[in-house]
**Q** 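One structure, pasted below without further comment.
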Amino acid sequence: MSKPLTLTIPHQLGRDEAKRRLSEGVGQARSYLSAVASSMDDHWTDDRMDFRVVAAAQTVTGFIDVQDDCVNVEVQLPWALGMLANKVKDRIQQQGTLMLEKK
């Protein structure tokens with residue numbers, strides 16, 4: 001395994017609204033990834049979602065931890081995908097920020 005990607009996405013929504021939006025966003029990601037992923041699992045325990053995605057014989061795991069004013073994300077990429085770490089991190093940051101913008 002490569003070094004985990006970690007990032008924090010600030011928000012001003014409060015914990016419940018942030019979690020609701022993230023749950024909705026994960027559902028959209030699930031439909032998008034269904035074309036390439038052979039397995040997708042996610043499980044919420046209180047305000048933390050653990051996830052696991054298997055695609056092209058590669059497993060990506062991690063968690064999303066929702067706080068009152070930020071969301072902490074950690075993604076563990078397999079070694080083979082480690083070269084894409086910066087792109088993956090940028091994409092998560094971008095999409096997470098869009099989901100958590102105050103509207």
**Q** Which heavy atom of F63 sits nearest a heavy atom of F51, and at what distance?
**A** N-CE2, 3.4 Å
**Q** Pick out which of R52, R30, R48 makes a salt bridge (charged side-chain N to carboxylate O under 4.0 Å, His left out) with D42.
**A** R30
**Q** With no hydrogens and no angle check, is any side-chain donor or acceptor of K89 less than 3.5 Å from a backbone partner on V75?
**A** no
**Q** Can you confirm whether D41 is buried at CG, in the sense that more than 12 heavy atoms of other residues, nucleotides or ligands lie under 6.0 Å from that atom?
**A** yes
**Q** Would V71 end up clustered with V88 when hydrophobic side chains under 4.5 Å apart are linked, directly or stepwise?
**A** yes
**Q** M83 and A80: which non-hydrogen atoms are nearest, and at how many Å?
**A** CE-O, 4.0 Å
**Q** Determine whether more than 12 heavy atoms belonging to other residues, nucleotides or ligands lie under 6.0 Å from atom CD of Q95.
**A** yes
**Q** Linking I/L/V/M/F/W/Y whenever any side-chain heavy atoms sit under 4.5 Å apart, do M40 and W44 land together?
**A** no
**Q** Determine, stepwise, if the pair I92 / V73 fulfils side chain to side chain contact (heavy atoms under 4.5 Å, CB included).
**A** CA-CA 9 Å; I92 292 169; V73 181; 4.2 Å; yes
**Q** Look up atom OG1 in T8 and atom CD in Q93, then write down how far apart they are to the nearest 0.5 Å.
**A** 8.5 Å
**Q** Just how far is it from atom CZ of R15 to atom CG of D69, taken to the nearest 0.5 Å?
**A** 9.0 Å
**Q** Under 3.5 Å, is there a donor-acceptor pair between the N72 and E74 side chains?
**A** no
**Q** Decide whether M49 and V53 are clustered together by the hydrophobic rule: side chain heavy atoms of Ile, Leu, Val, Met, Phe, Trp, Tyr closer than 4.5 Å, transitively.
**A** no
**Q** Could you tell me the separation between the CG atom of D16 and the CZ atom of R21, rounded to the nearest 0.5 Å?
**A** 12.5 Å
**Q** Among all residues two or more places apart in sequence or in another chain, which pass the side chain to side chain donor-acceptor pair (under 3.5 Å) test with E101?
**A** none
**Q** Verify the cluster assignment for V26 and L7: are they in a single hydrophobic cluster under the rule of side-chain heavy atoms below 4.5 Å apart?
**A** yes
**Q** Using the side chain to side chain contact (heavy atoms under 4.5 Å, CB included) rule, take L77 and L84 through it: C-alpha gap first, then chi angles, then the decisive distance, then the call.
**A** CA-CA 9 Å; L77 294 173; L84 302 173; 5.6 Å; no
**Q** Take L22 and L100 through the side chain to side chain contact (heavy atoms under 4.5 Å, CB included) test and state the conclusion after the steps.
**A** CA-CA 8 Å; L22 290 168; L100 297 171; 4.2 Å; yes
**Q** Output the distance between atom NE2 (H43) and atom CG (D50), rounded to the nearest 0.5 Å.
**A** 7.5 Å
**Q** Looking at every non-hydrogen atom in both residues, tell me the closest pair between A37 and A55 and how far apart they are.
**A** CA-CB, 3.9 Å
**Q** Would a single hydrophobic cluster contain both V36 and V60, if residues Ile, Leu, Val, Met, Phe, Trp and Tyr are joined by side-chain heavy-atom contacts under 4.5 Å?
**A** no
**Q** Would you name the heavy atoms of T59 and P78 that are closest together and state the gap between them?
**A** O-CD, 3.2 Å
**Q** Which heavy atom of V66 sits nearest a heavy atom of A18, and at what distance?
**A** CG1-CB, 3.9 Å
**Q** Start with the C-alpha gap between Q67 and D65, add the side-chain angles, then the distance that decides, and say whether side-chain hydrogen bond (donor to acceptor under 3.5 Å, both in side chains) holds.
**A** CA-CA 6 Å; Q67 303 294 313; D65 189 25; 2.9 Å; yes
**Q** Verify salt bridge (Lys or Arg N to Asp or Glu O under 4.0 Å) between R20 and E17, making sure each step is shown before the conclusion.
**A** CA-CA 5 Å; R20 185 192 70 75; E17 177 63 10; 2.7 Å; yes
**Q** For Q58 and L81, which heavy atoms make the closest approach, and how far apart are they?
**A** CB-CD1, 4.2 Å
**Q** Could you measure the distance from the CD atom of Q12 to the SG atom of C70? Nearest 0.5 Å is fine.
**A** 12.5 Å
